[in-house]
Amino acid sequence: MEIKPANNFLRSIIAAELENGTATEVVTRFPPEPNGYLHIGHASSICLNFGLAEHFGGRCHLRFDDTNPEKESQEYIDAIQAEVKWLGFNWHGDVRFASSYFQQFYDWAVVLVEQGNAYVCDLTAEQAREYRGTLTEPGKNSPYRERSVEENIELLAGMKSGDYDEGEKVLRAKLDMASPNMNMRDPILYRIRKQHHHQTGNDWVIYPTYDFAHGQEDAIEGVTHSICTLEFEGHRPLYNWFIEQLPVPSTPRQFEFGQLNLSYTIVSKRKLKQLVDEGIVSGWDDPRMPTISGMRRRGYSPASLRHFCEMAGVSRTEGVVDVAMLEHAIRDDLNEDAPRAMCVLNPLKVVLTNYPQDQLQALTAPRHPNREELGTRTVPFSRELYIDADDFREEANKKFKRLVIGKRVRLRNAYVIEADETIKDANGEIIEVRARIIENTLGNNPEDGIKPKGVIQWVSGAAGKRAKVKLFDRLFNDAAPDRGDKNFLEHINPDSLCVVEEAWIEPSLLEAVPEQIFQFEREGYFVADRYEHSSETPVFNKTIGLRDTWNN
RNA sequence: UGGGGUGUCGCCAAGCGGCAAGGCACUGGGUUUUGAUCCCAGCAUUCGUAGGUUCGAAUCCUGCCACCCCAGCCA
């Protein structure tokens, strides 16, 4: 599919900068913290960063912002790389790690101290909070604010060599405790964390904060446009301050955009992790998760996700995109390439009384109705077959275009049949429908001119196979499950997963390989499960249903 | 409340002083062996609001209103 990138405010800004010489190249970066899997919001950021670099002939780095070992792990690092690759992006050069710049950060911290721009503070976390003041009241200077450069150097070295306990001391910038911007009230640069780090092991016991690390990481890598979400806007003055004070090799600038939010879903790593930790979903890659790996497992294609991100656009407003737009992008892409097949989810036996008992006819059906070049498949036809119970009614009004006693329906890719009677069990449940084939209707309309009103899918009882099919519905039944003071856990949709243990599938589906996507005609798109599917035990996940304009 | 942001159709979103793009959704109609796809048509006299500047404003100015972010040794 062709994805034509829409214009957005960042493109306009950068184009103007390139034009007037403010910028001479475009280097961006996607900087996840490895503390969870990536979600649809990150996909948008990835498309933005890589897209901008590509559009302007620049480059984009993948950099792990791993400054807080407490919440990070190698598992996430591996997953994130796989997710970015799967989406179809290639980062420039090696994967980068903020942690590989730790020594440089420390050296720069020393520079700040030498400049008199930073000091070691002994206030406890609680005291620091009190000293910080409030939104309307200025803060108070820390009593440790005026320590000498020599003392600060010594104390900082002590922090680094492990002389103090966690929380005992921090390094802070000496800015302005009365600043109306809370971020400028002597922000913390280093804290003591006696923790093993997934990349640096036990080399460090002090770790830089986001504020002290991010801009410098950008500067080291020559990033020109450091794009982040809106909540970092208030940090920009600080970001710039470090760049101005320190002898950094380049001058990156920060730009903010509004994160992509989706209706009926949650885009918060923290909350998504909670769903995983509490066992509400089977894992980060549960097909109901809005994570990239979850959507992959669900059958969403990389192209559809990228297309969706382009459709949703990028701006500085904090909107909520209708999940219908995502669904449209998925269908739009899958419709193009997904081979068609037939599957019956809720089987009802049909016996064709005028068809020979032991005959098995090999019918030929196109793999795609609009793309002949995709070839054909063989679909066996027999006297006994299964249709979906929803496609039959003993009687119905004219709007019902499926099988009804005394009426006709076309069996997709096969004959027109007419239903005669039903057979019921002791409870009065219909267990079988007896019907007849209308002669000479393979590829033709009935000769008597009575055309069937509808078409339904079917699977041969003699040659069809069984498969497990997982049907998904939205994970939350509230359009904004975590808005305001709502507890998203109270809005979980209890029916978000429905497993059909024994669906009937046409035999050609046994050739499916994991992650192959099909359209089960009249039902929707289904993907052979990435992990559980095999020819012996076929397992399909419902990606998304077909658009359904049949209102009833 | 101090500071920083944002307000264009039900939902995204272009627009950058010359007279409201596009997509999603929705509504009609056509094609169709998927109630799918596809096609065609409709869908903001109005841009949070009140004023002002101008021949002319969604675009400039002023006030007001609403919502979001910041008081982690998270990012």
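Each chain gets a letter, A, B and so on, in the order the sequences are listed, and its residues count up from 1.
Distance check on atom P: B:rU59 versus B:rG3 gives 25 Å, rounded to whole Å. For the P atoms, the distance from B:rU8 to B:rG4 is 22 Å, rounded to whole Å. Using C1' as the reference atom, B:rG52 and B:rA57 are 11 Å apart when rounded to the nearest Å. To the nearest whole angstrom, the two C1' atoms, one in B:rC60 and one in B:rC55, are 16 Å apart. When the C1' atom is used for both B:rU37 and B:rC74, the distance is 47 Å, rounded to whole Å. A gap of 13 Å separates the C1' atoms of B:rA20 and B:rA13, to the nearest Å. Taking atom C1' on both B:rU46 and B:rA14, the two are 16 Å apart, rounded to the nearest angstrom. As rounded to the nearest Å, B:rC16 and B:rC61 have P atoms that lie 16 Å from one another.
No side-chain donor from either of A:D211 and A:T209 sits under 3.5 Å from a side-chain acceptor of the other.
Contact check for A:L334 versus A:T543: side-chain heavy atoms found under the 4.5 Å cut-off. A:D186 places a side-chain heavy atom less than 4.5 Å from the side chain of A:Y119. Looking only at side-chain heavy atoms (C-beta outward), A:R408 and A:I438 come within less than 4.5 Å of each other. With a 4.5 Å cut-off on side-chain heavy atoms, A:K160 and A:Y190 do not count as touching.
Under the Watson-Crick or G-U wobble criterion, with both distances below 3.5 Å, B:rA66 is paired with B:rU6. Nucleotide B:rC16 forms a pair with no other nucleotide shown, judged by Watson-Crick or G-U wobble geometry with both contacts under 3.5 Å. Under the Watson-Crick or G-U wobble criterion, with both distances below 3.5 Å, B:rU37 has no partner in any strand shown.
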Please tabulate the protein-to-nucleotide N/O contacts below 3.5 Å involving nucleotides 58-60 of chain B, giving atom names and distances.
none

Name the pairs: protein N/O against N/O of nucleotides 37-39 of chain B, kept only if under 3.5 Å.
from, atom 1, to, atom 2, distance (Å)
B:rU37, OP1, A:R547, NH1, 3.3
B:rU37, OP2, A:R547, NH1, 3.2
B:rU37, O2', A:N335, ND2, 2.7

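Ring-centre distance between A:H197 and A:Y207: below the 6.0 Å cut-off. If you look at A:F97 and A:F64, their ring centroids are closer than 6.0 Å.
Residue pairs meeting the side-chain hydrogen bond (donor to acceptor under 3.5 Å, both in side chains) criterion with at least one partner in residues 317-327 of chain A, sequence neighbours excluded, are A:S315-A:T317. The ring-ring contact (aromatic ring centres under 6.0 Å, His included) pairs that include a residue from residues 253-272 of chain A are A:H225-A:F255, where partners are two or more places apart or lie in different chains.
A straight line from CG of A:L260 to C1' of B:rC11 spans 12 Å, rounded to a whole angstrom. Between the P atom of B:rU34 and the CG atom of A:D388 lies a distance of 17 Å, rounded to the nearest Å. One interatomic measurement links the two molecules: CZ of A:R185 to P of B:rG4, which rounds to 14 Å at whole-angstrom precision. Summarising the geometry, the separation between CG on A:L238 and P on B:rG3 is reported as 19 Å, rounded to the nearest angstrom. For A:R11 and B:rA14, the CZ to P distance is 12 Å, given to the nearest whole Å. In this structure, the CD1 atom of A:I544 is 15 Å from the P atom of B:rA36, given to the nearest Å. Note: CZ (A:F255) to C1' (B:rU6) measures 19 Å, nearest angstrom. Atom CG in A:L326 sits roughly 11 Å away from atom C1' in B:rC24 (whole-Å rounding).
Qualifying side chain to side chain donor-acceptor pair (under 3.5 Å) partners for A:Q195, counting only residues two or more places apart in sequence or in other chains: none. Residues passing the ring pair (Phe, Tyr, Trp, His ring centres under 6.0 Å) test with A:H235 are A:F232, sequence neighbours excluded. Every residue two or more places apart in sequence or in another chain that forms a side chain to side chain contact (heavy atoms under 4.5 Å, CB included) with A:A173 is listed here: A:L175, A:P187, A:L189, A:W241. By the side chain to side chain contact (heavy atoms under 4.5 Å, CB included) test, A:L262 is found to be paired with A:I40, A:T265, A:F308, A:V321, A:V323, A:L326, residues two or more places apart in sequence or in another chain being considered. The side chain to side chain contact (heavy atoms under 4.5 Å, CB included) search around A:V170 returns A:C121, A:R172, A:I188, A:R191, not counting sequence neighbours. Contacts of A:Y355 classified as ring pair (Phe, Tyr, Trp, His ring centres under 6.0 Å), with partners at least two apart in sequence or in another chain: A:F381.
Across all strands, A:P138 comes closer than 4.0 Å to no nucleic acid atom at all (heavy-atom distances). No engagement by A:V416 is indicated, since no non-hydrogen atom pair under 4.0 Å with the nucleic acid exists. Using a 4.0 Å heavy-atom criterion, one finds that A:G443 contacts the bases of the nucleic acid, with or without backbone contacts as well. Here A:R172 lies out of heavy-atom contact (under 4.0 Å) with every strand. Across all strands shown, A:Q519 has heavy atoms under 4.0 Å from base atoms, whether or not it also approaches the sugar-phosphate.
Where A:E233 and A:T136 each meet RNA chain B at their nearest nucleotide, the meeting point lying more 5' is that of A:T136. Between A:S315 and A:Y415, the residue anchored closer to the 5' end of RNA chain B is A:S315, taking for each the nucleotide with the nearest heavy atom.
By the 6.0 Å and 45° rule, A:K542 does not stack over the aromatic ring of A:Y525.
Between the CG atom in A:N152 and the NZ atom in A:K174 there is a gap of 7.5 Å [rounded to 0.5 Å].
Distance from the side chain of A:R316 is smallest to B:rG5 among B:rG35, B:rA36, B:rG5.
At B:rU34, none of the side-chain N or O atoms of A:N413 fall inside 4.0 Å of OP1 or OP2 (strictly under the cut-off).
In this structure B:rG72 sits in the syn conformation; its chi angle is within 90° of 0.
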Go along nucleotides 69-75 of chain B 5' to 3' and tag each nucleotide: B for a protein heavy atom under 4.0 Å from its base, S when only backbone or sugar atoms are that close, - otherwise. SBBSBSB
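For the segment residues 476-486 of chain A, the set of residues with a heavy atom within less than 4.0 Å of an atom of RNA chain B is empty.
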